[in-house]
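Right, one structure below, let's go through it.
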Amino acid sequence: MSESVIHHSPIHSWLEVRNPHWTVSRGMAVALHFGAPDREEQSLQSLALCDQSATPKLSVKGPGAAAWLEQQGLTVPSTVYAAQRLDHGSRLFRLGADEFLVQGSLDDELTDRLFRAQDTELHDVYCLQRQDATFLLAGTRAVQVLSQTCGLDLLETPREHLVFTRVAGVSCAVFANSHQDCPTFQIGVDPSLGLALWTSLVQIVEDLEGTVVGLGCLYPELQ
Amino acid sequence: MPERLPPQPTHWIDQDQPITFRFEGRSYRGYSGDVLSSALWANGVRVLGRSFKYHRPRGIFSLAGHDVNVMVEGQGRTNLRGDLLPIRSGMDVCAVNTWGGLRRDWLKSIGWFSRFLPVGFYYKAFHTPRRLFPFYERRIRRISGLGQIDPESDAPVSPKDYAFCDLLIAGGGPAGLSAAIAAGEQGLRVLAVDEQPRPGGSLCWQTGGDPQAESLRQNLLKRLQELDNVELRCNTQAGGWYSDHWIALFDEVRMTKLRARATLLATGCFEQPAVFQNNDLPGVLLGSAAQRLIHLYAARPCQRAVVLAANSDAYRVAWDLHTAGVQLAGIAELRPEGDATPIAQQVADAGIPIFKGHTVYEAIPGRGNHRLRAARICPLDERGQPRTAHALRIDCDAVVVSVGWTPNSGLIYQAGGRFRHDDGLQQLVPKTLPDGVFVAGRANGVYELQQQLADGRRAGLQAAQYLGCETPDPGSALGHQGSPPTHAYPIFDHPGKHNFVDLDEDLHLTDFVNAHSEGYDNIELMKRFTTVGMGPSQGKLSNNNAIRILSQLNQHTIEETGTTTSRPFHQPVPLSHLAGRRFHPLRRSPLHQRHIDLGGQMVHAGNWLRPEYYSRPGTTRAACILEEAVNVRNTVGLIDVSPLGKIEVNGQDAARFLEAIYTARFQKQKVGRTRYGLACDETGVIIEDGVIARIANDRFYVTATSSGAAAFYRDLQRWSLILNMHVTLINVTSQLAALNLAGPHARTVLQDLTDVDLDPERFPYLGVRQGFVAGIRATLMRVGFLGELGYEIHLPASATTHVWNVLMQAGNPYGIRPFGIEAQRLLRLEKGHLIVGQDTDALTHPLEANVEWALGKDKPFYIGARSLEILRRQPLTRRLVGLTFESNSEQRLPQECHLIIQDDDIVGRITSVAPNTTLGFPIAMAFVRPDLAAPKTRIHVRLDDGRLVQARVTQLPFYDPDNHRQHAPNSSNKHV
């Protein structure tokens, strides 16, 4: 980790104990992988859990938010909880009439650009760089983990929609997607509850013979 | 295995896989697929358990888990039902509730006195003298009960899970399978569950010699397998039905919380016992149990049997026994006309004697009641009473009872279904069902096999229609044809008083007669007095007969008598299944691990885990807390206050909105300044307080108490709608962390790390600035909660560890130490600052809490203002004051919530107390009656042990009343 680390994932203490291979992305210590990278990649097909908290997130709220985002060249979803795919794997979620979440990717400067673009004199638009913990549950058995923790039928939710529900007793935002044709569920959670949720998920994932993988599986360019 | 039969076409055992297990210290052999009861029975063991109260020997009765004759414990688990417990290699179990082993069981002597222990005896005999009741209770629990929990044993974690489907079908018998196919063919997502290890229900064992039964079962299963949208789960019972088709499913490992869109209950029925003398002893068993032994476990039920019959099923049982090589000594047929079905003729043609219009009056046991020797049968008179003068003794080792059925109606009742009594069936059948609930098969009063299949299809299609499918015409429910499958009153009195109605609770017929004569003539009252149906079987084999007995005693119909309430769970379930995994999420600061590394003793503070203090080797908790506080007073300390509620209030109406929420004024608040905010509810009760910082004209940053932040944020959202104000609220409580650097050296430590000018002239007390700290964008507030120079630093959560480490490093030359929430509470108490929720309660208003100064003068409106105006015109009932105590270390001090006593009246209570302070003497805050609130008034506080401690009312604050220190003291200023 040659770049200095000034940011930590909400579950950094857990990751640290597992002694992963580290890298630094956007000033945050990132667990690249815990074991052999190719085996971790295989786990993504069956059952794997990955900490994605390093991905940048920006909330944009206020009566002028939708118009401002459009001014920034983004297509704004028309319905609440709908997602709009953006370049580089980023997404724009509509959380309410006047509330949006931009989920960036590690190799995209979109959230930084938007944050810089907010004019302090601009009224009715308020941006916040969110610190939420973000976990990815991936693989064909991922739904079994959710069936033990979540009272909502996530397989029945519309595509490209964010779902607000509870997972293992924690209020979460869940986004169902896929990775190389395998189902994935991205779970966003308040950072103060990140460790509680993560430890619950790890226990179940490991009971189901899944594994924790590093972010290198999803972002090979980090390696 | 002397009673093992050759392999049967439908058996569940694998005779190629023998298993050795132990029961009551002896070794036995069974086969894979055997349950404990069947394996022991096949080994010729007849006494498998002891009864609850009289410790009478018991054997197989239902072999379906509908009774608890065979309850065992071992290897850390208890109250396991032998009828349902698969044998495993190395299993070692004993019967529950015995003293000296199952066969000997010294507690059987209680049975000798059963005549003197009628129902209600305990209530009447042991309630006086009251002091002896614990003694009696312990003894009673020891001699009559179930298994003992092993406290050393750890139950494995049982994961709960959630599942979803369009249609749940409870019951995998002919009707359930037929319904699953019909609904599945309509494209519905169907989940069918059955509690047995294999599907098919009665098709597996109630064949009556019909070879088509198995092929029919196979065909049904084959069709189901072709339907990808239908899932069939065996070994799974639907244990409870809750609102909106939420059903609790239980299997061996877990509870599944199923949400269905509709429910179809094909739950079948329970075979019911007859009541005659010694009807509980080993060798008396239900016809269905005998058939299960033969067909599922290839075990011979007995050598020579008498069958007590009241329906055509009894003749199928007789034929199965005959085919299995059991000698049929006779069939006592309760109906004078007998049975006209072909199977009955087949039995008669085989030369089996049929005694029409007869009953089994008494089962005659051998020595020790361990085996039957004979049955005494009697003809019945025209009133259905046994004519004992014409009794006939028939030698046999078993009485096989097949006199009727009762629907497995628990889930139907729980779902809101109502029943009526069908005289043609002599059974309760559903009268009305709630929306989305369907019933099929025997639970619906349909008994003939082809009709069950048709009824299942009908219900499956109706469910599909309900769920929006366009289906063929489902038709209507089919009615029962022929004679009733259930006898109206198979209950016979006997002077011996061992004619049991409830085998779980050892209740015999006379117990009910006695209860009725004492006035318990209502089914719910009788249930509670006699405890009928309150045993582990939950009345599956007893409620029906109890209702019949009461209806006859009252001369009422069954419908007039009614039934008891059915509640989940339908079958007992392990508590570990209900507990499941433990999800108790607690919030953690980004510095959680850092606190632990520094010796932080973490405690629950609301739903957060926070360091109470940082332990130091050889130092007590109290000393650590005091040292931390002294360090803040003298040098500098750092506390993690990340749990503070943090809310952004933005928008053109932000100031107006805050003026409505808080008691103070904010419209003229300058940018860069903070104010104390006190929020009340509509009744004037204090609900929150915090700091309100103006960042820009339309942007405020508000803090709130840690435990109240979420609720306060919701309140703000609600009020923004009610008041129709243009504000944008953002809850940043966990997005931002917060650190409080406090103490005389705080400015010195911080100055080199930030671009914000900390000069007291440019950044005065109650100021707010934004800038960078250790390279991280942060908001800084000059606060004085602890009574010292202090800077609250609010920053992104992910960078907190970095900033904490830099601050600790920079403060090292000045003796910086982290301090926990106990030191924080102490320091603010010395300063006389209240904590909402600790020094206030659900009725506290500002006028009595010494914060009247925080109420804006002449404000036209704020929430609670009108109530406070009314309260202002009324005399106060209490006032928050400071207390001091004698600093004599020998004196015990009160704790929070201890009462203040004056002339034997309660006149107040302690809200906060600190025995060790930086002031050198103990202090407290308390509510007292207003006439006692004047400084120097002496009051008395009552301790736990009743002693009174003297205290003196003191002016608040205790520390630095002129606020010199928090304003900008010289950094070398030492307090202690």
Side-chain angles (χ1 to χ4, degrees), chain A residues 4-10 12-14 16-17 27-28 53-54 59 61-65 98-99 120-121 123-126 128-133 144-156 166-171 189-197 199-200 203-204 207-208, chain B residues 157 159-165 189 246 254 256-257 259 580-594 596-597 607-609 642-643 648 650-652 696-699 710 726-737 774-777 796-803 806:
Chain A
S4 64
V5 174
I6 52 174
H7 296 282
H8 291 98
S9 159
H12 181 82
S13 59
W14 189 97
E16 201 169 28
V17 171
M28 181 178 280
S53 302
S59 80
K61 195 172 180 182
D98 299 329
E99 188 172 3
T120 51
E121 295 304 312
H123 293 290
D124 294 337
V125 181
Y126 308 96
L128 176 74
Q129 288 177 311
R130 293 194 67 88
Q131 310 284 308
D132 298 320
Q144 290 179 33
V145 179
L146 288 170
S147 78
Q148 288 192 28
T149 52
C150 179
L152 203 66
D153 191 358
L154 290 162
L155 293 178
E156 291 291 298
R166 287 169 78 83
V167 176
V170 177
S171 296
V189 60
D190 181 297
S192 65
L193 289 163
L195 192 58
L197 176 62
T199 49
S200 294
Q203 190 183 28
I204 298 166
D207 281 358
L208 294 171
Chain B
V157 171
K160 289 183 199 170
D161 65 12
Y162 297 89
F164 309 89
C165 66
R189 199 159 49 135
W246 192 107
R254 76 188 71 207
T256 297
K257 304 175 186 178
R259 177 75 71 185
R581 291 185 193 273
R582 287 148 182 84
F583 295 136
H584 297 299
L586 287 170
R587 291 182 184 272
R588 290 170 172 84
S589 144
L591 291 164
H592 182 80
Q593 188 59 43
R594 195 81 190 93
I596 291 172
D597 294 343
N607 54 359
W608 288 82
L609 274 174
S642 299
E648 287 185 11
N650 302 319
Q652 65 188 52
N697 280 334
D698 63 344
R699 300 181 80 140
H726 294 286
V727 289
T728 298
L729 304 169
I730 306 173
N731 187 352
V732 294
T733 296
S734 298
Q735 303 298 321
L736 301 182
I776 302 298
R777 187 186 293 272
S798 63
T800 320
T801 305
H802 164 72
V803 174
V806 171

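To find a chain, count down the sequence lines: A is the first, B the second, and so on, and within it residues start at 1.
For chain B, the nearby parts of A/Asp132 are the backbone and the side chain; heavy atoms of each come within less than 4.5 Å. With a 4.5 angstrom heavy-atom cutoff, B/Ile596 does not touch chain A via any of its atoms. In this structure, the portions of B/Ser798 lying under 4.5 Å from any heavy atom of chain A include both its backbone and its side chain. With a 4.5 angstrom heavy-atom cutoff, B/Lys257 does not touch chain A via any of its atoms. Using a 4.5 Å cut-off between heavy atoms, A/Ile204 contacts chain B through both its backbone and its side chain. Contacts of B/Pro590 with chain A are absent, with no heavy-atom separation under 4.5 Å from either backbone or side chain. Residue A/Ile6 touches chain B through both its backbone and its side chain, counting heavy-atom pairs closer than 4.5 Å. The part of B/Arg581 that comes within reach of chain A is its side chain, from C-beta onward, which places non-hydrogen atoms under 4.5 angstrom from that chain. Interface remark: B/Ala799 contributes backbone and side-chain atoms alike to the contact with chain A (heavy atom separation under 4.5 Å). Heavy atoms closer than 4.5 Å to chain A are found in the side chain of B/Arg254, but not in its backbone.
Side-chain contact between B/Leu591 and B/Thr801 is present, with at least one heavy-atom pair separated by less than 4.5 Å. Using a 4.5 Å heavy-atom cutoff, the side chains of A/Gln148 and A/Leu208 are in contact. A/Ser13 is not listed as a side-chain neighbour of B/His592, based on a closest heavy-atom distance of 4.5 Å or more. You'll find the side chain of B/Gln652 stays beyond 4.5 Å of the side chain of B/Asp698, heavy atoms only. Here the side chains of B/Ile730 and A/Leu128 are in contact, with some heavy-atom distance below 4.5 Å. Annotation: side chain of B/His802 is in contact with side chain of B/Ile776 (closest heavy-atom distance under 4.5 Å). Using a 4.5 Å heavy-atom threshold, the side chains of B/Thr800 and B/Ser589 count as separate. The shortest distance between side-chain heavy atoms of B/Arg588 and A/Ser192 does not fall below 4.5 Å.
For the set A/Gly194, A/Gly151, A/Gly169, the count of heavy-atom pairs under 4.5 angstrom toward chain B peaks at A/Gly151. Interface remark: of the candidates A/Ser53, A/Ala168, A/Pro191, A/Ala168 forms the most heavy-atom pairs closer than 4.5 Å to chain B. The choice from B/Pro796, B/Pro585, B/Ala797, B/Ser642 that makes the most heavy-atom pairs within less than 4.5 Å of chain A is B/Pro585. Residue with the most contacts toward chain B among A/Leu193, A/Asp207, A/Thr199, A/Leu155: A/Leu193 (heavy-atom pairs, distance under 4.5 Å). With chain B as the partner, the residue from A/Asp124, A/Leu197, A/Thr149 showing the most heavy-atom pairs under 4.5 Å is A/Thr149. With chain B as partner, the option from A/Lys61, A/Glu156, A/Glu16, A/Gln144 having the largest number of non-hydrogen pairs under 4.5 angstrom is A/Lys61.
Not a single side chain to side chain donor-acceptor pair (under 3.5 Å) links B/Asn697 to another residue, sequence neighbours left out. Partners of A/Glu99 under the side chain to side chain donor-acceptor pair (under 3.5 Å) rule, at least two apart in sequence or in another chain, do not exist in this structure.
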